[in-house]
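So the structure is just underneath, and the comments pick up after that.
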Amino acid sequence: MSNRRLKVAVLVSGSGSNLQVMIDAMQAGTLPIDIIGVISNREDAYAITRANTANIPVTVLSHAPSGKRMSIATFEKHALDQIMAWSPDLVVLAGFMRVLSADFIHAVPCAMINLHPSLLPAYKGLDTHARVVRSGDQHHGCSVHLVTPELDAGQVLTQAWLSVDEHDTAESLGKRVQKLEHRLVPFTLELIAKGALDLTAIKAGQTTGFVDLPWKLWLD
């Protein structure tokens, strides 16, 4: 297994709680990663403050000079230029709330992974917690998957599971799942950094060798 540190770029849109988990683990020396840059598509995202506090370079691509929202094409051009300049080993979408084009995904020179708040392939898209509550599912959780042009459809790498309580609301379930996310993200990054998850091989459709995907954690 590899002992080198994984160079990671992170795309964010919101509060950045999972970014903070990554920063804390990096600074504590418990996770072999270096977060080399953060890109936010919102200038009011609290994740920017978290990155600035940790002295991590930040690029904000939220508004054009005129004050209007950037088009997705403009955002992607500048984001891709920045990713190329940073030259990461991995791009992590952590609460990034913008759909990326196939051209952008194919142009990024390394693997991209996304954290999604459901047990994929169930509940792709938005409002996952409310949909789980309405459906009366017994289990829920979160997934880390490879990013592909089809929304939330890339190979699922890892999942964390919990039991849905009969009294759960969408809000309470969301808070419980967020706690799972904060454990699943560093677990997944460690597997990648140490070579237990070979993303190049997985993207090429090769088997992982000693465990079927996804790795599943029961964290009730």
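Note that the numbering runs from 1 along the sequence shown for the chain. When reading the values below, keep in mind they use all heavy atoms of this one structure, side chains included, and skip hydrogens, waters and symmetry mates. Since the structure is predicted, the reported quantities are computational estimates derived from the model, not experimental observations.
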Hydrophobic cluster identity match, Leu93 and Tyr46, side-chain contacts under 4.5 Å
no

If you count the non-hydrogen atoms of other residues, nucleotides and ligands that lie under 6.0 Å from CD in Glu171, is the total more than 12?
no

Side chain to side chain contact (heavy atoms under 4.5 Å, CB included) partners of Leu119, counting only residues at least two apart
His139, Gln159, Trp161

Donor-acceptor pair, side chain of Asn114 and main chain of Val147, under 3.5 angstrom
no

Under a 4.5 Å cut-off applied to non-hydrogen side-chain atoms, are Ile192 and Asp198 in contact?
no

Any side-chain heavy-atom pair from Thr148 and Met112 closer than 4.5 angstrom?
no

Leu157 vs Ile113 side-chain heavy atoms within contact, under 4.5 Å
yes

Let me confirm one number: the NZ-CG distance from Lys179 to Leu219, rounded to the nearest 0.5 Å.
12.5 Å

Applying salt bridge (Lys or Arg N to Asp or Glu O under 4.0 Å) as the test, list every pair that has at least one member in residues 182-193; sequence neighbours left out.
Glu190-Lys194

Taking Arg131 for its side chain and Lys124 for its backbone only, find out whether a donor-acceptor pair lies under 3.5 Å.
yes

Under the side chain to side chain contact (heavy atoms under 4.5 Å, CB included) criterion, do Gln138 and Val164 qualify, and how do the steps go?
CA-CA 5 Å; Gln138 293 185 330; Val164 179; 5.8 Å; no

Looking at side-chain heavy atoms only, is the closest gap between Asp24 and Thr30 below 4.5 Å?
no

I'd like to know if the side chain of Asp34 reaches the main chain of Ile36, judged simply by a donor and an acceptor atom lying under 3.5 Å from each other, with no hydrogens or angles considered.
no

Name all pairs fulfilling the ring pair (Phe, Tyr, Trp, His ring centres under 6.0 Å) condition that reach into residues 91-128, sequence neighbours left out, sorted by first residue then second.
Phe75-Phe96

CG on Leu61 to CZ on Arg98, rounded to 0.5 Å
9.5 Å

Give the minimum heavy-atom separation between Ala193 and Leu6, together with the two atoms involved.
CB-CB, 4.1 Å

Answer yes or no: is there a donor N or O on one side and an acceptor on the other, between the side chain of Thr158 and the main chain of Pro214, under 3.5 Å?
no

Membership question, hydrophobic clusters at under 4.5 Å side-chain separation (ILVMFWY): are Ile33 and Val38 in the same one?
yes

With clusters defined by side-chain heavy atoms of hydrophobic residues (ILVMFWY) lying less than 4.5 Å apart, directly or transitively, does Leu213 cluster with Leu120?
no

Mind checking what makes side-chain hydrogen bond (donor to acceptor under 3.5 Å, both in side chains) contact with Gln178, not counting sequence neighbours?
Ser17

Hydrophobic cluster membership, Ile56 vs Leu189, 4.5 Å side-chain cutoff:
yes

Spell out, as yes or no, whether a donor-acceptor pair under 3.5 Å connects the side chain of Arg50 to the backbone of Asn18.
no

Using a cut-off of 6.0 Å, state whether more than 12 heavy atoms not belonging to Met84 lie near its atom CE.
yes

Output for pair (Ser143 OG, Leu184 CG), nearest 0.5 Å, gives 7.5 Å

Glu181: what forms a salt bridge (Lys or Arg N to Asp or Glu O under 4.0 Å) with it, not counting sequence neighbours?
none

Single-linkage hydrophobic cluster Val21~Val91, side-chain heavy atoms < 4.5 angstrom
no

side-chain hydrogen bond (donor to acceptor under 3.5 Å, both in side chains) partners for Ser87, two or more places apart:
none

Of all heavy-atom pairs linking Ser40 and Ala45, the shortest is OG-CB, 3.6 Å

Taking every non-hydrogen atom, the tightest pair across Gly141 and Val177:
O-CG1, 3.7 Å

Go through Val144 and Val156 one step at a time and tell me if the side chain to side chain contact (heavy atoms under 4.5 Å, CB included) criterion holds.
CA-CA 6 Å; Val144 174; Val156 180; over 6 Å; no

Taking all atoms of both residues into account, what is the closest heavy-atom pair of Gly125 and Leu151, and its distance?
CA-CD2, 4.3 Å

Interatomic distance, CH2@Trp86 vs CD1@Ile39, rounded to 0.5 Å, equals 4.5 Å

Before giving the answer on side chain to side chain contact (heavy atoms under 4.5 Å, CB included), spell out for Gln27 and Ile23 the whole-Å C-alpha distance, their side-chain angles and the decisive distance to 0.1 Å.
CA-CA 6 Å; Gln27 293 179 336; Ile23 290 171; 3.7 Å; yes

Side chain to side chain contact (heavy atoms under 4.5 Å, CB included), that's the test. Do Thr188 and Leu115 meet it? Break it down for me.
CA-CA 10 Å; Thr188 307; Leu115 173 68; over 6 Å; no

Judged by modelled atom types alone, do Ser62 and Asn41 share a side-chain donor-acceptor pair under 3.5 Å?
no

Of all heavy-atom pairs linking Pro117 and Thr128, the shortest is O-OG1, 2.7 Å

Below 4.5 Å, heavy atoms only, C-beta onward: do Leu162 and Leu180 meet side chain to side chain?
yes

Could you measure the distance from the CG atom of Asp168 to the CG atom of Leu173? Nearest 0.5 Å is fine.
4.5 Å

Derivation of the side-chain hydrogen bond (donor to acceptor under 3.5 Å, both in side chains) call for Ser101 and Glu76:
CA-CA 8 Å; Ser101 73; Glu76 289 185 349; 2.6 Å; yes

A side-chain contact here means heavy atoms from C-beta on lying under 4.5 Å apart; do Asp165 and Arg176 qualify?
yes

Does any non-hydrogen side-chain atom of His140 lie less than 4.5 Å from one of Val132?
yes

Residues Lys7 and Asp89 bridged, charged N to O under 4.0 Å:
no

Side-chain donor/acceptor of Ser135 to backbone N/O of Asp137, under 3.5 Å:
no

